Amino acid sequence: MLRAAERAASILDRGSGAFASDWTLLAAAERMLEIIGEAARHLDGEATQQMSDVPWSRLRGMRNFLAHEYHHVRAEVIWRTLAADIPPLIQQLRAAMDNVSPE
């Protein structure tokens, strides 16, 4: 999930103009958001409780929207999601991984 979030965030480096004019960036962003949502779906209750500040239902909902309502996807919504939601998610996931003890 963290790797997909980092890859999604890297799309921001290309800028909104490039994103708006390059369908491959949109497709890449959609795919990374789908992976994040699918990974969120497979987390157990203990993991989601430990990171209760992460909007798990929104992550899963975005994945479902992208997978099943793809004909309604708007590039500006994807861009806003990348810009507003992915950087905090990366911080939350990194913090959670820092708190995991190796076995």
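Because the structure is a prediction, the values reported are computed rather than measured. The chain is numbered in sequence order, starting from 1.
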Interatomic distance, Ser10 atom OG to Leu25 atom CG [nearest 0.5 angstrom]: 9.0 Å
Just wondering, do Ile86 and Leu12 contact through their side chains at under 4.5 Å, heavy atoms? no
Sorted by chain and number, sequence neighbours left out, salt bridge (charged side-chain N to carboxylate O under 4.0 Å, His left out) with Arg7 holds for none
Hey, could you give me the CD1/CZ distance between Ile90 and Arg94, rounded to the nearest 0.5 Å? 5.5 Å
Test: salt bridge (charged side-chain N to carboxylate O under 4.0 Å, His left out). Region: residues 68-80. Which pairs qualify, not counting sequence neighbours? Arg74-Glu76
Just jot down the salt bridge (charged side-chain N to carboxylate O under 4.0 Å, His left out) partners of Glu34, sequence neighbours excluded, or say none. Arg31
Enter the distance from Ile11:CD1 to Glu30:CD here, rounded to the nearest 0.5 Å. 10.0 Å
Partners of Trp79 by ring pair (Phe, Tyr, Trp, His ring centres under 6.0 Å), sequence neighbours excluded? Phe19
If every non-hydrogen atom of Ala96 is compared with every non-hydrogen atom of Met51, which pair is closest and at what distance? CB-SD, 3.1 Å
Kindly state each residue pair satisfying salt bridge (charged side-chain N to carboxylate O under 4.0 Å, His left out) with at least one member in residues 50-59, sequence neighbours excluded. Arg58-Asp85
Could you list the residues that satisfy side chain to side chain contact (heavy atoms under 4.5 Å, CB included) with Glu46, not counting sequence neighbours? Asp44, Gln50
Checking Ala39 now: which residues fulfil side chain to side chain contact (heavy atoms under 4.5 Å, CB included) with it, not counting sequence neighbours? Met1
Taking only residues at least two apart or on different chains, which pairs with a member in residues 22-64 satisfy ring pair (Phe, Tyr, Trp, His ring centres under 6.0 Å)? none
Rounded to the nearest 0.5 Å, what separates atom CG in Leu89 from atom CG in Leu59? 5.5 Å
Over all atoms of both residues, closest heavy-atom pair of Ala8 and Leu82: CB-CD2, 3.7 Å
Just how far is it from atom OG of Ser57 to atom CE of Met62, taken to the nearest 0.5 Å? 12.0 Å
Arg3: partners by salt bridge (charged side-chain N to carboxylate O under 4.0 Å, His left out), with sequence neighbours left out: none
Results of salt bridge (charged side-chain N to carboxylate O under 4.0 Å, His left out) for Arg63 - residues two or more places apart only: Glu38
Hey, could you give me the CG/CZ distance between Leu43 and Arg41, rounded to the nearest 0.5 Å? 11.0 Å
With ILVMFWY side chains joined below 4.5 Å, transitively, what does Met32's cluster contain besides itself? Ile35
Can you name the side chain to side chain contact (heavy atoms under 4.5 Å, CB included) partners of Ala20, sequence neighbours left out? none
So do the side chains of Val73 and Ile78 get within less than 4.5 Å of each other, counting heavy atoms only? yes
